[in-house]
Amino acid sequence: MKSRTRFAPSPTGYMHIGNLRTALYEYLIAKSQGGDFVLRIEDTDQKRYVEGATDIIYSTLKKVGMFWDEGPDIGGNFGPYVQSERKKIYAQYAHQLVELGGAHYCFCKAQDEEERENQEASGLKFEDPCKHLSIDEAKKKIAAGEPFVVRQNINKKGVSVFEDVVYGKIEIDYDELDEGVLLKSDGLPTYNFANVIDDHLMQISHVVRGNEYISSTPKYNLIYEAFGWTPPIYVHVPPVMKDAQHKLSKRNGDASFQDLVAKGYLPEAILNYIALLGWNPGTEQEIFSLAELEKVFTCERLNKSPSIFDITKLKWMNGCYIRSLSPESFHELALPYYKKCLTRDVNLEFLSTVLQPRVETLAEIEENIDFIENLPFYSSTLYENKKMKTDEQIAKSSLMLAKEALVAQTVWTNESLFETLKNVAAEHNLKNGQILYPVRIALSGKQTTPGGATEIAVVLGKKTTLERIDLALTLL
RNA sequence: GGUCCCAUCGUCUAAUGGUUAGGACAUCACCCUUUCACGGUGGUAAUAUGGGUUCGAAUCCCGUUGGGAUCACCA
């Protein structure tokens, strides 16, 4: 049978990392077996609906290259793919489930609910009085306009057993299950019901979801059973954690996919990193494109325990991706950051070549190039450096020598500049650093810079280079 | 609290009864070097705990501890 998976987010805000990882695993299960990946929007809770949230879902999936085969925007043979548009379908199946004995109509009010909770808190199992209503009696009430819900029947005794791809055999006592609402009084289904109906109707073969659903899975199986349907293959995955005891969550203000992109992480790197959070290929390879993941992914190598999201490792991986970019691609990605803080006429192409191996996120570009626009104030003690064997005196004479050579310099490339200054050093019996270090300080005003003295000179251009050396000499 | 689930370096993980417990990030040291980074070499660092089973346990079983999940007209 062809494998079919679905990503079924509810449009409640931004896409968080755990969500995206679930989508990735769903995508990979489908694609590693030549199957279909379906996008379904679960908007049955109008209270939580957030405008624009579905666009974020679309754009995120597109950015990482996870294209869906069926979905609200492109249609498919099993539509509609938005749950609020499937209202009638759920109602029809809910009524059918009642006829089949899998559920009952319930007319309990808020105060009954309180009683229900109280009883359950005291350890007793609540007996829903509505359960004893005959279907005919219930239908009369409904016809009379009384608000109702459809509530699941849990009549079985003993233990429910099911197999999970990640966790293996799970056993849960039927007594632990409560008779939850399947169809709400607003006529829309709850997740518990909509999922079963949609996953069956859409012929989903593998259901991938957070492991918080493990304990309610027997309830879903009961519904499948009542309809005479075959349950899907379950793949429950552990959560992505912020630290040892907290899940990554929007409420804590933890980074979402778009936050990370805004901070200069590449979508491919983010995807690669989260693929490895809870899954491993069984080899020592760590860098994977989505296409490569499709080839090697198997759910058997999914982990059971939660994993902590480690931004430091993501940063490293992002650095790997940045370094593997072609110089042109990097330059293109860097350009918006240059525009943000540079107005001077500098050699941006060359700047990109010195920056590329040095930044791990694009956002780091800014702090690396701040000195280009405005030379920072610095103390002349900055010229003192033991390792370079320089001090203010040497700096002064070196800068004068460098200036003389640079004024005469016609070819303004890193190689030729380096050659020139190296020769100056040699002629005056100085170490390279004794010339280059003061020049670099004069040009940048900073202890550390991306690239050496001559590289900075190339970026700044001849005019600015000489201006800054002159300025430095007036201060010494 | 009942129930379910989980437990290897700080972090992500490998090792499905026999390994000096492997790799990666981070960290430290050294090398390279025009500062920084990149790159290279090496180091520190883990089987939560107590009992079994076994010739042999990170691995299987039981207990303990710790953590998470669930018990909504949310998903």
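To find a chain, count down the sequence lines: A is the first, B the second, and so on, and within it residues start at 1.
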Problem set entry | side-chain hydrogen bond (donor to acceptor under 3.5 Å, both in side chains): pairs with one or both residues in residues 444-460 of chain A, sequence neighbours excluded | A:Asp370-A:Lys446, A:Asn414-A:Thr454, A:Tyr437-A:Gln447, A:Arg440-A:Thr449

For this session: Going by the ring pair (Phe, Tyr, Trp, His ring centres under 6.0 Å) test, name the single residue among A:Tyr167, A:Tyr191, A:Tyr220, A:Tyr234 that passes it with A:Tyr213.
Result: A:Tyr191

Exercise. Rounding to the closest angstrom, what is the interatomic distance between B:C62 and B:G23 at atom C1'?
Worked result: 34 Å

Seminar exercise, completed: In Watson-Crick or G-U wobble terms, with both distances under 3.5 Å, the base opposite B:A21 is none

For this session: Summarise protein proximity over nucleotides 3-16 of chain B in one line of letters, 5' to 3': B for base, S for sugar-phosphate only, - for none, counting protein heavy atoms closer than 4.0 Å.
Result: SSSSS---SSSSS-

For this session: Check the distance between B:C25's P and A:Ile270's CD1 and give it to me in whole angstrom.
Result: 20 Å

Problem set entry | Integer angstrom distance from the C1' of B:A72 to that of B:U49 | 38 Å

Seminar exercise, completed: Reading nucleotides 31-49 of chain B from 5' to 3' and marking B where a protein heavy atom lies under 4.0 Å of the base, S where only the sugar-phosphate is that close, and - otherwise, the string is ---BBBBSS----------

For this session: Could you pull out all residues at least two apart from A:Leu476 that satisfy side-chain contact (heavy atoms from CB on, under 4.5 Å)?
Result: A:Ser380, A:Tyr383, A:Glu392, A:Ala395, A:Lys396, A:Leu399

For this session: List for me each residue that meets side-chain contact (heavy atoms from CB on, under 4.5 Å) alongside A:Asn280, sequence neighbours excluded, and say none if there are none.
Result: A:Arg301, A:Asn303

Exercise. Crowded around A:Lys462 NZ? As in, over 12 foreign heavy atoms under 6.0 Å?
Worked result: yes

Problem set entry | Between P of B:A72 and CD of A:Glu212, the distance in whole Å | 15 Å

For this session: Check side-chain contact (heavy atoms from CB on, under 4.5 Å) between A:Ser326 and all other residues, then give those that pass, not counting sequence neighbours.
Result: A:Glu328, A:Ser329

For this session: Whole angstrom is fine here: how far is it from CG in A:Leu188 over to C1' in B:A75?
Result: 13 Å

Seminar exercise, completed: On a heavy-atom basis, the closest approach of A:Lys389 and A:Lys431 is CD-CD, 3.9 Å

Exercise. Is it true that A:Glu42 and A:Arg6 make a salt bridge, defined as a side-chain N closer than 4.0 Å to a carboxylate O?
Worked result: no

For this session: Return the set of residues passing side chain to side chain donor-acceptor pair (under 3.5 Å) with A:Ser324 (not counting sequence neighbours), or none when no residue passes.
Result: none

Exercise. Within the structure shown, what part of the strands sits under 4.0 Å from A:Ser216 by heavy-atom distance: base, sugar-phosphate, or nothing?
Worked result: nothing

For this session: Taking side-chain contact (heavy atoms from CB on, under 4.5 Å) as the test, write out the residues that go with A:Leu375, two or more places apart.
Result: A:Tyr378, A:Arg468, A:Leu471

Exercise. Could you give the CG-to-C1' distance, from A:Asp45 to B:C74, as a whole number of Å?
Worked result: 6 Å

Problem set entry | Residue pairs passing the ring pair (Phe, Tyr, Trp, His ring centres under 6.0 Å) test where at least one lies in residues 440-460 of chain A, sequence neighbours excluded | none

Exercise. Which pairs, with at least one residue in residues 347-359 of chain A and sequence neighbours excluded, count as a side-chain hydrogen bond (donor to acceptor under 3.5 Å, both in side chains)?
Worked result: A:His331-A:Ser352, A:Tyr338-A:Ser352

For this session: Starting at atom CD of A:Glu179, determine the distance to atom C1' of B:A72, rounded to an integer number of angstrom.
Result: 15 Å

Exercise. Does a donor on one side chain sit under 3.5 Å from an acceptor on the other, for A:Asn318 and A:Arg323?
Worked result: no

Exercise. In whole angstroms, how far is the C1' atom of B:A75 from the CZ atom of A:Arg6?
Worked result: 11 Å

Exercise. Going by heavy atoms closer than 4.0 Å, what residues in residues 47-56 of chain A are next to RNA chain B?
Worked result: A:Lys47, A:Arg48

For this session: Sugar-phosphate means primed atoms, P, OP1 and OP2; the rest is base. With that split, encode nucleotides 62-67 of chain B 5' to 3' as B, S or - using protein heavy atoms under 4.0 Å.
Result: -----S

Exercise. If we take the P atom in both B:U8 and B:U3, what is their distance in whole Å?
Worked result: 25 Å

